Amino acid sequence: MNIIVCIKQVPETTDVKINPETNTLIREGVKSIINPFDMYALEEGVRLKEKFGGKVAVLTMGPPQAEAALREAISLGADEGILVCDRAFAGSDTWATSYTLAGAVRKIGAFDLIVCGKQASDGDTAQVGPGISAHLDIPQVTYVKKIESIEPASEGKGWLMRVERMMEEGFEIIETPLPALLTVVKEINEPRLPSLRGMMKAKTAKIAVWGQNDLKLDENSIGLCGSPTQVIKIFTPPPRTGGRRLQGEIPEVVGTLVELLKNDLA
Amino acid sequence: MDYLLTDEHKMVRELARKIADEKIRPVAAKYDQTEEYPWEIMKVIAEAGLFGLFVPEEYGGISPTVLGLCLATEELSRACGGIAVCYAASALGTIPIVLFGSEEQKKKYLPDLAAGNRVAAFAVTEPEAGSDASAIKTTAKKEGDHYLLNGVKHFITNGGDAETYVVIAMTDKKKGARGASAFIVEKGWPGFEFGKKEEKMGIRASSTRELVFTDCRVPAENLLAREGMGFIVTMKTFDQSRPGVAAQALGIAQGALDVAVKYAKERHQFGKPISAFQGLQWMLADMATQIEAARALVYACAREIDAGAKDVAKDSAMAKMYASDVAMKVATDAVQILGGYGYMRDYPAEKYMRDAKITQIYEGTNQIQRNIIALQLIKETAK
Ligand SMILES: Cc1cc2nc3c(=O)[nH]c(=O)nc-3n(C[C@H](O)[C@H](O)[C@H](O)COP(=O)(O)OP(=O)(O)OC[C@H]3O[C@@H](n4cnc5c(N)ncnc54)[C@H](O)[C@@H]3O)c2cc1C
């Protein structure tokens with residue numbers, strides 16, 4: 001089973017700070033890590049490889065330093081890393097990013113499965129995974145919390161995968177033929193720590209770097225000019241003020257609540 | 001201080017630190033309380049490949065060095081000295097096979113130990129033979145193609161949980177110390193049973209049990225080295241493993257200092273953080289300096305062994321003795337810095353103090369280390 005895991009390097013902080021003048025993330029002094037949700041995608045990819053054989057390729061688009069994220073992924077069990085990196089791709093929004101990554105997936109060639117984290121902890125859009133599947137025209141299942149089974153399809157051609165997809169309340173069971181794209185939630189597994197052998201391999205692994213010359217994508221669909229999204233304003237929302245807790249006997253509390261709803265909220 | 005570690009050694013340290021911070025620290029107090037064997041953590045350490053650090057590559061190890069073993073043990077001990085010794089004691093039980101095993105013995109036992117599928121133990125001590133190891137009474141009598149083992153070992157780390165044991169027994173009592181031999185014994189063999197599990201002051205995550213041999217049949221091919229080599233196997237093993245105990249002490253000391261510094265910055269008395277008081281600042285300064293001196297000694301000793309130095313008994317003894325004395329002092333001072341809170345189980349300081357104590361006792365008490373150092377000094381000057 002050949003698996004592609006898409007990862008993103010993000011600043012290590014859950015408390016992302018934004019420069020109010022430039023509307024961009026403040027990255028100075030913040031360590032870079034693999035997007036935490038992608039760690040689950042990677043772990044799931046590596047587990048599938050361990051079960052079914054094959055290879056895990058990790059794919060990322062980013063600046064040259066994103067190579068470190070790929071090396072870390074190799075230390076965690078991936079077989080190879082591909083960095084999509086070119087000035088021509090700079091300023092991509094989620095549409096252009098998924099278009100570009102889809103181009104890289106095509107260049108990788110045959111694959112059975114693409115796994116992504118449900119969203120990146122910096123942008124929080126959850127759009128790139130589904131976008132890749134749209135550009136590749138393959139099925140997608142988002143918010144997967146469990147892969148139930150992977151079996152040969154009934155006509156004897158290809159594979160059929162059955163997954164549980166997390167919903168707000170409960171879950172859905174979905175079957176999809178492969179190749180497909182999954183985005184996964186953190187309930188799916190517990191990512192492993194790196195191994196010494198993996199770290200040593202990662203140190204010397206050769207990371208492929210692909211630019212526009214390698215991918216030959218439509219010039220109007222990449223980078224800033226290929227990005228339809230316009231950011232009007234980014235701001236830090238004011239912190240929510242704490243609620244009020246009513247305590248006591250239920251009939252009493254209900255009475256108080258009704259009064260409050262009537263008077264204070266009117 | 002920068003010890004100019006190689007990239008590989010930096011990786012070992014980084015990985016062990018990650019395991020310590022993410023996996024061990026959250027459960028250290030739990031294991032200390034329950035005295036359960038930390039299998040879940042041993043599995044993590046195994047998957048990370050750290051059991052490979054004391055096995056040659058041709059038998060499944062990963063760039064084995066004494067310094068690598070020390071770095072791993074130090075970092076693990078920083079979070080829990082008890083869990084760390086479960087790991088380090090497996091090294092202690094594996095090293096004699098690495099040093100003295102035949103090709104067949106190495107092929108049979110080392111790959112599983114390197115992978116951490118099995119844990120090892122090393123058994124010399126008996127109720128009547130502690131510091132004086134030559135007083136051991138366990139016997140191994142040759143009968144055809146096997147030996148019959150009889151006797152009791154006690155205070156054996158990983159006892160009962162380990163699968164592979166290196167046991168020292170007398171094959172020829174008349175020859176005294178030259179009549180001891182080393183055997184590889186497997187858990188589950190008839191005649192090999194476990195006595196009580198000790199309840200300990202510290203390193204409570206580790207298991208310490210009695211091994212009881214009653215006509216236990218050990219195939220002759222499981223004799224390690226030759227008959228009569230038992231104490232040479234023991235001494236050479238300790239020479240290599242003592243820096244590991246020293247590293248355990250170092251990690252405990254560092255862990256205690258980390259707790260003390262953090263607390264001193266947070267705790268306020270007389271309107272300021274207690275770290276503002278010079279009396280405590282000087283204590284912290286001394287603690288940090290002693291740890292650094294111990295670290296320099298331990299790493300230097302490990303490097304010397306890795307470089308192939310022959311006679312390392314004295315240096316190894318110095319490293320173990322000094323680092324463990326520092327650990328005891330630093331951990332005691334850490335409790336002092338936390339005041340009453342330091343004495344309470346809700347805070348981590350007292351555990352470091354309990355864990356530190358053992359490093360002055362096992363693998364040769366610090367009195368015995370001083371004997372080794374002094375004896376060597378006298379020998380050297382006699383030349
Ligand atoms: C938790 C734990 C784990 C252990 N794990 C192992 C293990 O895995 N394998 C193993 O084989 N053993 C193990 N041991 C045994 C350990 O190595 C011995 O306890 C140690 O060597 C001391 O022996 P003893 O306890 O019999 O003390 P004793 O030898 O009775 O010593 C008592 C006191 O006398 C002092 N003393 C003795 N002789 C001299 C001397 N010549 N000069 C000055 N002072 C002296 C000692 O320093 C000590 O202070 C373990 C012990 C403990 C407590």
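Since the structure is predicted, the reported quantities are computational estimates derived from the model, not experimental observations. Chain letters run A, B, ... following the sequence lines, proteins first, then strands; residues in each count from 1.
Of the residues M200(A), K203(A), M199(A), the one that meets the side-chain contact (heavy atoms from CB on, under 4.5 Å) test with E8(B) is M200(A).
A 6.0 Å sphere centred on NZ of K106(B) holds more than 12 heavy atoms belonging to other residues, nucleotides or ligands. Summarising the local packing, CD of E190(A) is surrounded by 12 or fewer heavy atoms from other residues, nucleotides or ligands at distances under 6.0 Å. Enclosure of atom NZ in K186(A) is not indicated, since only 12 or fewer non-hydrogen atoms of other residues, nucleotides or ligands lie within 6.0 angstrom.
Side-chain contact between K18(B) and P194(A) is present, with heavy atoms from C-beta onward closer than 4.5 Å.
Close approach to chain A, defined as a heavy atom under 4.5 Å from one of its heavy atoms, is seen in S63(B) of residues 63-90 of chain B, taken by number. When the heavy atoms of residues 30-58 of chain B are compared with those of chain A, the residues falling under 4.5 Å are V44(B), E47(B), A48(B), G49(B), L50(B), L53(B), listed by number.
Contact between L15(B) and L196(A) at its shortest, heavy atoms only, is CD2-N, 3.4 Å.
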